[in-house]
Amino acid sequence: MNRDDRRQAYWRRTLRLTAVLLAVWFAVTFGSSWFAIELNRIDFIGPLGYYMGAQGALIIYVVLIWYYARRMNALDDEYGAAEDDE
Amino acid sequence: MTSARRHSTFFRQLRRYYVVYTLGFIAFVAAAGALEMIGVPQKFLGYLFVFATILLYASIGFMSKTADVSEYYVAGRRVPAVFNGMATAADWMSAASFIGMAGTLYVSGHDGLAFIMGWTGGYCLVALFLAPYLRRFGQFTIPDFLGARYGGNIPRLIGVSAAILCSFTYVIAQIYGVGIITSRFTGMEFTIGVFVGLAGILVCSFLGGMKAVTWTQVAQYIILIVAYSIPVVWLSVKHTGSPVPQISAYTTALPKVTALEKEFNDKASPKGEREESVRVILRQRVAELDADLAALESGGEAFLAAEKKRRAARVARLKTDPEASPRTIRMAEQALRDVPTDPDEARVRWNRARVEAEARAAPVRPHAEPFAANDEESRYVAKKNFLALVFCLMVGTAGLPHLLARFYTTPSVSEARRSVFWSLLFISLLYFTAPALAILVKYEVYNNVVGTAFMQLPAWVSNWAAVDKTLMSITDLNRDGIVQLAEVTIGGDMIVLATPEIAGLPYVITGLVAAGGLAAALSTADGLLLTIANALSHDVYYKMIDPNAATTRRLVISKALLLVVALTAAWVTLLKPGNILFLVGAAFSLAAASFFPSLVLGIFWKRANRLGAVLGMTAGLGITICYMVMTYDFFGINAPLWWDIKPIAAGIFGIPAGFIGVIVGSLVSPAPSLEIQAMVDRVRYPELVDDYDPRAV
């Protein structure tokens, strides 16, 4: 694979990961807010709708960012990125 | 030494410093506790905490003094991910997060969670769209990126103006917080408190720029998180027997709070009956105010004069009446003094009193119920506003220049990615705790204040009532000698500051909490002032006025500007413009609408060009400002709302306008030059090693 192909492949995979994680972010944030009343009927460490806003969403955000960093750093290695230091 | 080795040595060294620092701080708190036990007065402990911590930050600033451009603007780009995470967390969490958040949740229940979600979920956008790319771009400021990506001085200049506008709005809220804390805990005047805090901020950023600010912010994060956690854990142990408030508040305290709320609202239960007797009085007051307001509309000045006469006559009559108690006479005299001087003042005051009485006469809002309202329509409006606010806060997070600039300081792109994770983790430690704290305090109030005899109130109630009536006031409206919930008014801003007293902890912990609030406000103010000064010195002076300026001259200019900006901010703060929460919300909407569209499209859409950026930023900013000015009551226009969206979420209109502006502007003018397209490539991809076959690995 020449350099341009690899760049394109790298960017495609970056965009795909970004889109998937963005969808997760959107679903968690606006799904749990929109359906807060319905979710509150479920009991999970208190009413679920409240729990999602107070803690659940935060946990998912932290994991999401952790996963993104891990995947992207692995992708850099896979494509032989020179350590872009300094 | 290779760069990896150098970084790991530096990392170990830093870890050692901060472990020693944390132990030293714990020893300091213990020593202050010992002073309290031997009878040192509380006021002295307040001074000790305020001045010792400011001195500490100043000395870190002094030790990090620098005359190197890269050190001054981006801390030499060698801040490891974990430490950048702590610095970002402190930079991020402002006085509003530390002092105000739990209080907002206490007052508005579920609907306050918009701040919790909005101020954390935004980091997903920072991680996915901005941090790694800005780091790979690797310059000094956010307007730098706009200038390089869109070419020419106009995008840079708009970027500078927007950065100054939102950072300045935000910094006023911080300096206000600094003034409140220093004046409350040391008894200094508000004005002096502001300048003492400002001195602490300046010594730090003045000498060492971003380098000093970074290492101070790490120190401030440690103090603020310790200060926030200790009283909450203690309160949790006291009420639920568990040291993990983040769980026990929901499993143990919340069900009891919900049960009590039902009882308060049930007129057939003994507690509900007593509540109802207070609500009857409050509803009567609403009716009286309605009558007064109607009479004011028809009578105007004459009505006020007649009212004054009537009340004066009542005082005179009571004074000759042997049956009248001194209390009744005092109240009648107060009522006479309360007659407003002119119809405008009367309208404002009576309307405010009416809103307050009506709110207190309403049934208790269940804490965990989302979008509580009387009918479906207002429930839907509340839901819309909740979503809009969450959206604005999130996008605003990914647009605030002082936060984004922090990701220029890591050693590499991969460290920038990791550092977003650490930032959010450290922020979440506090944001996890705030909703739990709100529930625990509510539990305390419902159990140990409501239903208690007025003669036996807990000490913290009377202490805070003595400080400020808007923070804590309690009056026996139905004269049964027992506290009912509708007789209590609690201001959100006291919740965190009063938690140590509520939990029955010694005063030294109150001092610690004050130091934590101060750390939160100072660290954010540090970052903001530096952003403003750098935008002026780096982007305006160096990039636009004199590109050949010598390094020393650039730094001197930058430091001089820092001083001017800080003093201006302090001066504006002393004018006390409007409400803190609104200022903060406004800063987010402004940042969201001005920066986010052109930053993100600048990276992800090669076709975006100068005209697009100019149009997008002006449209976003313009619509947001217009909507705020037209609808926020501070400006006095009070135009009708669009789709019932409150002015704090004005960005909901500005953000799409920004995106549309960039897209339309770019499409009607030619594509950017090849050099700029190559720059976008450079920001998107890492340097790939030539002829490298991934399958061979």
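Proteins come first, then strands; the chains are lettered A, B, ... in the order of their sequence lines, and each starts at number 1. Quick note: numbers below take in every heavy atom, side chains included, and nothing from hydrogens, waters or symmetry partners.
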Sort A:Ala57 into side chain, backbone, both or neither according to what part of it lies under 4.5 angstrom from a heavy atom of chain B. side chain

Atom group of B:Phe371 that falls short of 4.5 Å from chain A, counting heavy atoms: side chain

Let me confirm one number: the CG-CE distance from B:Leu113 to A:Met52, rounded to the nearest 0.5 Å. 11.5 Å

Backbone N or O of B:Gly121 within a donor-acceptor pair of the A:Trp25 side chain at under 3.5 Å? yes

Contact summary for B:Leu254 and A:Pro47, nearest pair of heavy atoms: CD2-CD, 3.5 Å

Is the closest side-chain heavy-atom distance between A:Ser33 and B:Met117 below 4.5 Å? yes

I'd like to know which of A:Leu58, A:Thr29, A:Thr18 tops the heavy-atom pair count under 4.5 Å against chain B. A:Leu58

What orientation do A:Tyr51 and B:Tyr250 show, parallel under 30°, tilted 30 to 60°, or perpendicular over 60°? perpendicular

Counting only heavy atoms closer than 4.5 Å, note whether A:Leu17 contacts chain B via side chain, backbone, both or neither. neither

Can you tell if the side chain of A:Val62 reaches within under 4.5 Å of the side chain of B:Tyr123, non-hydrogen atoms only? no

What part of A:Leu21 lies closer than 4.5 angstrom to a heavy atom of chain B: side chain, backbone, both or neither? both

Taking B:Leu128, B:Thr120, B:Val390, B:Leu424 one by one, which has the highest count of heavy-atom pairs under 4.5 Å against chain A? B:Leu128

Looking only at non-hydrogen atoms, find the nearest pair between B:Leu105 and A:Tyr50 and report the distance. CD2-OH, 4.4 Å

Between B:Tyr431 and chain A, which part of the residue has a heavy atom less than 4.5 Å away: side chain, backbone, both or neither? both

Look at the aromatic rings of A:Trp11 and B:Tyr685 and report parallel, tilted or perpendicular, splitting at 30° and 60°. perpendicular

Counting heavy-atom pairs under 4.5 angstrom with chain A, the leader among B:Ile247, B:Thr251, B:Val420, B:Leu125 is B:Leu125

Closest contact, heavy atoms only, A:Ala36 versus B:His110: CB-NE2, 3.8 Å

Considering only heavy atoms and a distance below 4.5 Å, find which of B:Ala416, B:Ala127, B:Ala131 pairs most often with chain A. B:Ala127

Under 4.5 Å between any side-chain heavy atoms of A:Phe30 and B:Phe391, yes or no? yes

